[in-house]
Amino acid sequence: MSTNFQIRLPDNIENLPINEEYFFITENGQERRLKLHDYAEVYRIPGLYNYLALEKLAYRSPQVMATLLTENLKKSGELVEELKLLELGAGSGLFGQAVAELGVTSIIGIDIVPEAAEATRRDAPGVYENYFVEDLTQLSKSTRDILNEKKLNGFVCCSALSEGHIPVKAFATGMNLIKDGGWVLFNVAKTSYECEDNCPEFVNFYRQAVEKGYLKIHDTKPYIHRRFFNGKSLEYVAILAKKQTNIPI
């Protein structure tokens with residue numbers, strides 16, 4: 001990958017929490033510090049997020065989740081070409097690219113960060129039918145009408161459900177936009193997936209959704225999500241479910 005920047009990792013990165021990971025970037029002879037989760041800034045620089053995610057951190061979630069979805073869909077006797085996906089927290093389009101390579105032709109992205117949409121148009125042109133910069137908890141009528149017209153049958157949220165990211169209400173709203181029996185795909189950290197006490201809000205939410213019959217788990221897959229900057233592996237679990245009925249919000 002040809003880039004117009006140089007990256008330097010800090011010396012002392014042993015125990016940084018994931019939302020505090022940072023690096024140094026040099027552009028035009030000037031070095032500055034950025035957090036990996038400073039999404040607006042990172043997305044604004046062509047190729048930076050993909051370079052960090054794919055080359056520095058060996059980010060695997062898009063490929064793992066896209067494969068899990070399409071393989072299960074085929075096993076269920078459904079056609080990949082008939083899948084109409086809504087992706088929440090679509091970022092710079094890495095999941096969209098991964099699932100498009102496996103034959104999915106109808107993907108709509110939504111993200112609250114304007115720079116994410118710009119990065120996707122720049123780095124993954126043509127992958128998404130539409131890409132909306134909106135908050136799903138305050139969805140505009142025009143966007144809701146477009147989404148309803150699509151008769152969506154799949155909803156995905158790839159690597160955007162950790163604390164401080166996408167709220168439960170946004171996920172529930174997105175899930176309600178697809179038809180009953182549609183596919184719902186998301187992932188969580190393995191520690192969250194296995195937690196018993198003081199679990200993250202989203203984990204409590206999806207467990208209750210399953211318990212109350214709004215969601216039915218279809219398949220799960222543990223895997224290495226990515227590396228930390230210090231080289232240690234971060235384990236996640238991909239969860240594929242079927243929507244049974246709308247969830248009260």
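Residues take their numbers from the sequence shown, with the count starting at 1. FYI, side chains are in, hydrogens and waters are out, and symmetry mates aren't considered; it's all heavy atoms of this structure. Note that the structure is predicted; figures quoted are calculated from it, not measured.
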Among residues at least two apart in sequence or on other chains, which ones pass ring-ring contact (aromatic ring centres under 6.0 Å, His included) with Y236? H225
Looking at [X] and [Y], does any basic side-chain N land under 4.0 Å from a carboxylate oxygen?
X	Y	value
K35	E21	no
E129	K150	yes
E235	R226	no

Side-chain heavy atoms of [X] within contact of [Y], under 4.5 Å:
X	Y	answer
I45	E27	yes
F229	L57	yes
L136	I112	no
L48	F23	yes

Residue pairs meeting disulfide (SG to SG under 2.5 Å), one or both in residues 64-110, sequence neighbours left out, come to none
For [X], check side-chain contact (heavy atoms from CB on, under 4.5 Å) against everything at least two apart and list the hits.
X	answer
N72	L68, W183, H218, D219, L240
L102	A66, T67, T70
A58	R227
A90	E87, Y128, Y131

Tell me whether [X] contacts the main-chain N or O of [Y] through its side chain, where contact means a donor paired with an acceptor under 3.5 Å.
X	Y	value
D38	Y43	no
N176	I247	yes
S140	T143	yes

Just to verify, what does K141 make a salt bridge (charged side-chain N to carboxylate O under 4.0 Å, His left out) with, not counting sequence neighbours? D145
I'd like to check the salt bridge (charged side-chain N to carboxylate O under 4.0 Å, His left out) partners of R60; sequence neighbours left out, ordered by chain and number. none
Partner residues of Q244 under the side chain to side chain donor-acceptor pair (under 3.5 Å) criterion, sequence neighbours left out: none
Enumerate the residue pairs fulfilling side-chain hydrogen bond (donor to acceptor under 3.5 Å, both in side chains) with a member in [range], sequence neighbours excluded, ordered by first and then second residue.
range	result
residues 89-103	N50-S92
residues 187-208	S61-N187, S159-N187, N187-Y223
residues 110-126	R44-E115

Taking the six-membered ring for Trp, are F155 and F186 ring centroids under 6.0 Å apart? no
Using the rule that Ile, Leu, Val, Met, Phe, Trp and Tyr join whenever any side-chain heavy atoms are under 4.5 Å apart, tell me whether Y214 and I217 fall into a single cluster. yes
Under a 3.5 Å threshold, yes or no: a donor from one side chain and an acceptor from the other, between N246 and K243? yes
